[in-house]
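Take a look at the structure below.
Naming convention: chains lettered A, B, ... in sequence-line order (proteins, then strands); numbering from 1 in each chain. Quick note: numbers below take in every heavy atom, side chains included, and nothing from hydrogens, waters or symmetry partners.
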4 protein chains.
Amino acid sequence: MQSRTPSPLPRTGRPRSAAADAAILEATRAALVDLGWSKLTMGDVATRAGVAKTTLYRRWAGKNELVVDAVAVLFDELELPDNGSLAADIGGVVLQFAALLNRPETKTALMAVVAESTRDEPLRERIRTSIVDRQKRLVLEGRARAHARGELPLEADPAAAARTADLIFDVVAGAVVHRTLVSAEPVDEEWVDRFTSLLLGGLASVQS
Amino acid sequence: MQSRTPSPLPRTGRPRSAAADAAILEATRAALVDLGWSKLTMGDVATRAGVAKTTLYRRWAGKNELVVDAVAVLFDELELPDNGSLAADIGGVVLQFAALLNRPETKTALMAVVAESTRDEPLRERIRTSIVDRQKRLVLEGRARAHARGELPLEADPAAAARTADLIFDVVAGAVVHRTLVSAEPVDEEWVDRFTSLLLGGLASVQS
Amino acid sequence: MQSRTPSPLPRTGRPRSAAADAAILEATRAALVDLGWSKLTMGDVATRAGVAKTTLYRRWAGKNELVVDAVAVLFDELELPDNGSLAADIGGVVLQFAALLNRPETKTALMAVVAESTRDEPLRERIRTSIVDRQKRLVLEGRARAHARGELPLEADPAAAARTADLIFDVVAGAVVHRTLVSAEPVDEEWVDRFTSLLLGGLASVQS
Amino acid sequence: MQSRTPSPLPRTGRPRSAAADAAILEATRAALVDLGWSKLTMGDVATRAGVAKTTLYRRWAGKNELVVDAVAVLFDELELPDNGSLAADIGGVVLQFAALLNRPETKTALMAVVAESTRDEPLRERIRTSIVDRQKRLVLEGRARAHARGELPLEADPAAAARTADLIFDVVAGAVVHRTLVSAEPVDEEWVDRFTSLLLGGLASVQS
DNA sequence: CATTAACCGAGACGGTACGTCGGGTCTTACT
DNA sequence: AGTAAGACCCGACGTACCGTCTCGGTTAATG
């Protein structure tokens, strides 16, 4: 995202414009909203950003990388609310996540870059670093808070605990994405309640 | 594939070549394996199939529709094994599904068409009809078998039962897809066991 | 020029549009007039001709080849007038040639393609075939007519006669081009008279 | 080169590097040899000269001007040999000129800048001043020497004498350039003899 | 001998054109 | 009417140069 170029020491020549970076990412999000992933073009983004095409390509290798960076920042807005109980906390985060996936920028872009990443290992890595792994913090925070509240027992084996966290992450993210983008059904209070209760109920079985 | 053209009145003139249909779909799958979704071109598919581009466009509106049809048939191979218990049955189907998602044809194509479908309602409908809804049978069959075995209580309210089936479908499909394509971690026996136990444990909570 | 493609036997598929050929060459001449050689672009020519850029590239390898063909036809308009004497005939053809070189299409294009041809042997060959060699006919006709009128003796050695014809061609074409494009002075009646008298006077010396 | 910047008042600040000037012109000639006119780029010249692009543009307006200056100096090497007779002197200078036109730097550059100059009056003027007019001295010297030897009568009318000098210049330069660059035939002893005899024979007619 | 203004290298910048590729349509002759 | 072939229009691609613009850092005449 930022710090794409850790700038070893290219202290010579005209420095890159930070304003251009921001304008490009903003223009990319706007283009995603207006056109969707498949009709977004580099030329159009450049025009919207008031920037030359070469300036885009100097910073990003292509559409995929650009869109990942443009969208990644949105995912950092997610945060674990303190709703008083683990169930309520999970419900809150699921609703936030669903709302995010319903934004036109993310809806059209997320699956597309994941699809591309199946044939592009560096892209997968970039997605993981910029988007996916950053959200695991929510699972870890949630668990820590539940422990503090005494809602969940501590798992003795730390490796097993990590595997459980990963499982939960895949189940929560997967279910919400599938519900939103594949089934195209709303993630409403009712669904969240049912899902949360399934998850918490199952959690007990898994940890035993 | 399934009734693309329900042939309302194709009375006169030379009939369409059925061999061409099969060759095109096969060529499409081969191209997906070799090139992936984004580098697959209609011209290349036509060449591989030994067919003119016109022949493709006479049958399919574009790349999206063609790929959905080419891939859909693979999903029909999934079936619910009878492993003796609900847990074992679920585990079997999850492994089959994961294996399917690891085939290069599906891995690259599925997310891509879903991504396209976020801006293309008819395409979403086609995906739902050709791929998604067809697999819900597995959930329904599994539940029926569990009822027969006495492993699950019957839900009194049929509407609630339907919602539960949808929830399970989103959770299973979503979790496996996320694990496979986003996390890019293997769906192995160990993961399946943990996931199945989470699902079954949660199911009890949901139905109560 | 025409018959660029002697069409071995590509009798399959949609045939190339002859109208497009004509429109492109016409558009090229118009662009030369408006923009000159160095600012003429393939894209602009395509637009003027109401044709896609690919259609240009399907027929011509680039700007050089296209311009040679577009300009070549203009040179075929030159003809040897019958003004009653060799001197008057030469004067007539020199004036025609000078007028042709003063047309904006040719003025801007001719030197440019010749310059390119110094590094592009096929292009030089194309220029020679399409433009230069075609005009040698004027020298040969003029000489034949002079013989008929008894104004010039026959040269006994045919090889020497050919060398003389080449020399005359280089002198006439060279002098007119240099006067017009390098010195940028007018080729008027007075200059033509002086030049013709120099040429004819010298011719006697050469043939002896 | 010759007073590009007549330095009206460059009093203060760091003076321009004379070494850079020389390196740039040398690099330009080298690039002409390697790449030819149309593939020569300002950036490449700068790199070859070990100089920044800004340094080029501070001195020359563009490729045309730079190349004219780079090539002009070569033409100053021409000189009228004293071979004992007018015919021999002309032959000597023609051979020098032909040799010059066969150098790759000049061959590719001369026609190109002349072509550009048809749409760029200042450029034409620069070419005339830097290259063309400087060579007229050869004609004038040759004539003066011929007068001294008694090989040519004096022309009474100085205006007519000037017109004759221009005519000779166009004929000589034009013929040699056309022979070399358009016909692409060698300017060898035999051709020079024939051409010289044509020129001298014609000269008598013109002056009478 | 400090100031200072123009020089210089590097390289990013907004542009324009390039030549190619793919999409989807149309026009042939043939089946 | 379907088919193979291939030309057609269109729009986007990613690259190359153009000529300009910052940067930080010289360098020589002037004061």
Atom-pair distance ([atom1] on [X]; [atom2] on [N]), nearest Å:
| X | N | atom1 | atom2 | result |
| --- | --- | --- | --- | --- |
| D/E65 | F/dC18 | CD | P | 13 Å |
| A/I24 | E/dA12 | CD1 | P | 13 Å |
| C/K63 | E/dT16 | NZ | P | 16 Å |
| B/Y57 | F/dG6 | OH | P | 18 Å |
| C/N64 | E/dC18 | CG | P | 12 Å |
| C/W60 | E/dG19 | CH2 | P | 15 Å |

Say you draw a straight line from CZ of D/R16 to CZ of D/R58; how long is it, rounded to the nearest 0.5 Å?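 Here the interatomic distance stands at 6.5 Å.
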
D/I24 CD1 to D/D69 CG distance, which is reported to the nearest 0.5 Å: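 Answer rounded to 0.5 Å: 11.0 Å.
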
Of residues 31-56 of chain C, the positions that come close to DNA chain F - non-hydrogen atoms, cut-off under 4.0 Å: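 Correct list: C/G50, C/V51, C/A52, C/T54, C/T55.
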
With sequence neighbours excluded, tell me which residues meet side chain to side chain contact (heavy atoms under 4.5 Å, CB included) with [X].
| X | answer |
| --- | --- |
| D/E125 | D/E121, D/R128, D/T129 |
| A/T41 | A/D44 |
| A/S17 | A/A19, A/A20, A/R59 |
| C/A52 | C/T54, C/T55 |

Do B/V73 and B/L25 make a side-chain contact, defined as non-hydrogen atoms from C-beta onward lying under 4.5 Å apart?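 B/V73 does not reach B/L25 side chain to side chain.
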
Can you tell me if C/T118 uses its side chain to pair, donor with acceptor, with the backbone of C/A115 under 3.5 Å?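 Looks like yes, one N/O pair under 3.5 Å.
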
State whether D/R59 places a side-chain N or O below 4.0 Å from either non-bridging phosphate oxygen (OP1 or OP2) of E/dC8.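 It does, given that an N or O in the side chain of D/R59 lies less than 4.0 Å from OP1 or OP2 of E/dC8.
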
Please determine whether a side-chain nitrogen or oxygen atom of B/R58 lies at a distance below 4.0 Å from atom OP1 or OP2 of F/dT3.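 For B/R58, the contact criterion (side-chain N or O under 4.0 Å from OP1 or OP2 of F/dT3) is met.
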
Please enumerate all protein N or O atoms sitting under 3.5 Å from an N or O of nucleotides 29-31 of chain E, with distances to 0.1 Å.
residue, atom, partner, partner atom, Å
E/dT31, O2, B/R14, NH1, 3.2

More 5' along DNA chain F: D/G62 or A/P15, using each one's nearest nucleotide?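 First, find each residue's nearest nucleotide; the 5'-ward one identifies D/G62.
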
Using a 3.5 Å cut-off and no angle test, enumerate the donor-acceptor pairs between side-chain atoms of residues 32-40 of chain C and protein atoms at least two apart in sequence or in another chain.
residue, atom, partner, partner atom, Å
C/D34, OD2, C/R48, NH1, 3.0
C/D34, OD2, C/R48, NH2, 3.2
C/S38, OG, D/E116, OE1, 3.2

Under the side chain to side chain donor-acceptor pair (under 3.5 Å) rule, collect the residues that match up with A/K107, sequence neighbours excluded.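 Testing A/K107 for side chain to side chain donor-acceptor pair (under 3.5 Å), a comparison that skips the adjacent residues, returns A/N102.
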
Suppose we screen for side chain to side chain donor-acceptor pair (under 3.5 Å). Which residues come up paired with B/E65, at least two apart in sequence or across chains?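 Listed in chain order: nothing, the list is empty.
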
Just how large is the angle between the end axes of the helix from E/dC1-F/dG31 to E/dT31-F/dA1, five pairs per end, to 10 degrees?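 For the helix from E/dC1-F/dG31 to E/dT31-F/dA1, the axes at opposite ends meet at about 20°.
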
